[in-house]
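We use all heavy atoms of the structure for the numbers below, so side chains are in, but hydrogens, waters and symmetry mates are not. Worth saying up front: this structure is predicted, and the values here are computed from it rather than measured. Order of listing sets the numbers, starting from 1, for every ligand and every atom in it.
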Amino acid sequence: MVKYINIANTELKASNMIMGNMRINQLSLSEAEKLIRTAMEEGINFFDHADIYGKGQCEELFSEAIQMNPAIREQMMIQSKCGIRPDLGCFDFSKEHIINSVNKILQRLRTDYLDTLLLHRPDPLMEPEEVAEAFEVLHTSGKVKYFGVSNFNPLQIELLQKALPYKLVINQLQFGIAHTPMIDSGIALNMKVDQSINRDSSIIEYCRLHDITIQAWSPFQYGFFEGVFLGDLEKFPELNKSIDKMAEKYGVTSTAIAVAWITRHPANMQVVLGTTKVQRIIDSCKGSEIQLTREEWYQIYRAAGNMVP
Ligand SMILES: NC(=O)c1ccc[n+]([C@@H]2O[C@H](COP(=O)([O-])OP(=O)(O)OC[C@H]3O[C@@H](n4cnc5c(N)ncnc54)[C@H](OP(=O)(O)O)[C@@H]3O)[C@@H](O)[C@H]2O)c1
């Protein structure tokens with residue numbers, strides 16, 4: 001079974017494994033149903049969506065596959081995101097767009113509320129007061145319980161937070177063994193090497209200081225959707241060797257160790273799993289509660305090609 005965390009400043013007790021639904025439109029209806037049911041059987045109670053996933057198809061398939069009804073809805077927390085406009089090639093945090101997006105999301109998901117709504121990527125043209133107005137409409141109408149962001153840096157959060165009457169509770173960010181800028185610069189602080197470049201203004205420390213739950217997206221990928229590091233012996237020979245060794249020690253798969261490496265971090269992150277395979281959901285959940293030792297955690301970090309000075 002998976003571990004549960006309290007999302008600070010909410011009443012949500014969420015699994016630290018999240019089922020990400022960005023890729024489920026690759027599945028048939030029955031395959032999608034099996035995947036969702038397996039996730040629930042493994043203890044996953046948190047489901048991540050976005051209006052743009054499969055141009056809305058992923059949300060539709062999800063609710064159809066699970067035959068969404070009030071009894072099922074009660075057993076899960078559902079999150080979606082908005083603010084990206086692929087149709088216009090821009091980000092859009094206008095009041096009108098946020099409210100319209102949520103209305104369409106709710107229709108596709110066949111539900112009348114979201115547990116959490118995230119703004120998908122920071123819009124430089126954001127007017128915080130306008131976003132606050134949109135959130136207020138959504139909150140008072142009962143359509144969204146809590147709000148968060150994704151891919152935001154600390155000052156972008158503060159700028160928005162200043163206009164809001166309630167706390168932003170989540171920041172979804174890319175993080176996994178092969179994508180660690182959030183911790184690299186802190187480890188190589190003040191050195192004349194690339195690893196010390198602070199690319200996100202210390203977002204991990206900021207989120208911990210302000211009790212914002214981090215959700216790690218693309219946990220098995222390297223780069224921006226460049227590929228999966230697990231099993232890639234050409235690009236990541238040392239990393240795979242190290243992970244495989246620990247998988248053997250703990251009697252789990254390498255998938256579980258990749259997950260455990262993320263959950264070992266004291267920020268208490270949730271891991272957003274993007275797999276479309278039932279067995280990989282089960283394998284990932286086995287990593288949820290493994291507590292890697294400090295030495296093991298660092299060994300994997302170094303095996304990924306990072307320096308520990
Ligand atoms: N906020 C954002 O900006 C943002 C951006 C991207 C994604 N997300 C969210 O994060 C979720 C996860 O993203 P993602 O799908 O890119 O992440 P991911 O879980 O790292 O990658 C999924 C891909 O890797 C493969 N894979 C997964 N586990 C594997 C394993 N153990 N061994 C080998 N291959 C494996 C999957 O193939 P199989 O299906 O064959 O297993 C799939 O192609 C999405 O569903 C979405 O909810 C958020």
A.B. asks: Establish whether Phe229 and Val271 are linked, either directly or via other cluster members, by ILVMFWY side-chain heavy-atom contacts under 4.5 Å.
C.D. replies: yes
A.B. asks: For ligand 1, which atoms, with element, lie under 4.0 Å from some heavy atom of Gly274?
C.D. replies: 12 (C), 15 (O), 19 (O), 22 (C), 45 (O)
A.B. asks: Among Ala256, Ser150, Ser80, Gly20, which one has a heavy atom closest to atom 1 (N) of ligand 1?
C.D. replies: Ser150
A.B. asks: Using a 3.5 Å cut-off on N or O atoms only, is Lys81 in polar contact with ligand 1?
C.D. replies: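 Lys81 vs ligand 1: no N/O contact under 3.5 Å.
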A.B. asks: What protein heavy atom is closest to atom 36 (C) of ligand 1, reported as residue, atom name and distance in Å?
C.D. replies: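 The closest one turns out to be Thr275 CA, 4.3 Å.
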A.B. asks: Considering non-hydrogen atoms of the protein only, which is the closest contact for atom 43 (O) of ligand 1, and what is the distance?
C.D. replies: Arg23 NH1, 3.7 Å
A.B. asks: Among all protein heavy atoms, pick out the one at the shortest distance from atom 31 (N) of ligand 1; state its residue, atom name and that distance to 0.1 Å.
C.D. replies: Thr255 OG1, 2.8 Å
A.B. asks: For Leu230, which part has a heavy atom under 4.0 Å from ligand 1: side chain, backbone, both, or neither?
C.D. replies: side chain
A.B. asks: When you measure from atom 40 (O) of ligand 1 to every protein heavy atom, which one gives the shortest distance, and what is it?
C.D. replies: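 Protein heavy atom with the smallest distance to atom 40 (O) of ligand 1: Lys277 NZ, 2.6 Å.
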A.B. asks: Do any nitrogen or oxygen atoms of Phe220 lie less than 3.5 angstrom from nitrogen or oxygen atoms of ligand 1?
C.D. replies: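 Between Phe220 and ligand 1 (N or O atoms, distance only) the closest approach is under 3.5 Å.
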A.B. asks: For the hydrophobic clusters of this structure (ILVMFWY residues joined by side-chain heavy atoms under 4.5 Å, transitively), does one cluster hold both Ile98 and Ile84?
C.D. replies: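 As far as the 4.5 Å side-chain criterion goes, Ile84 and Ile98 are not connected within one cluster.
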A.B. asks: Only one of Asn45, Thr116, Ile5 passes side-chain contact (heavy atoms from CB on, under 4.5 Å) with Leu12; say which it is.
C.D. replies: Thr116
A.B. asks: Step through it carefully: locate the ring centre of Phe135, locate the ring centre of Tyr166, and say whether they are under 6.0 Å apart.
C.D. replies: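 No, they do not, as the ring centres are separated by 6.0 Å or more.
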A.B. asks: What's the shortest distance from atom 7 (C) of ligand 1 to any protein heavy atom, and which residue and atom give it?
C.D. replies: Met22 SD, 3.6 Å
A.B. asks: For ligand 1, which atoms have a heavy atom of Val228 less than 4.0 angstrom away?
C.D. replies: 24 (O), 25 (C), 33 (C), 34 (N), 35 (C)
A.B. asks: If you count the atoms of ligand 1 from 1 in the order shown, which ones are under 4.0 Å from a heavy atom of Tyr53?
C.D. replies: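 Once the distances to Tyr53 are compared, the set is 4 (C), 7 (C), 8 (N), 9 (C), 46 (C), 47 (O), 48 (C).
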A.B. asks: At what distance is the nearest protein heavy atom to atom 38 (P) of ligand 1, and which residue and atom is it?
C.D. replies: Arg280 NH1, 3.3 Å
A.B. asks: Measure centre to centre between the rings of Tyr53 and His49, then say whether the value is under 6.0 Å.
C.D. replies: no
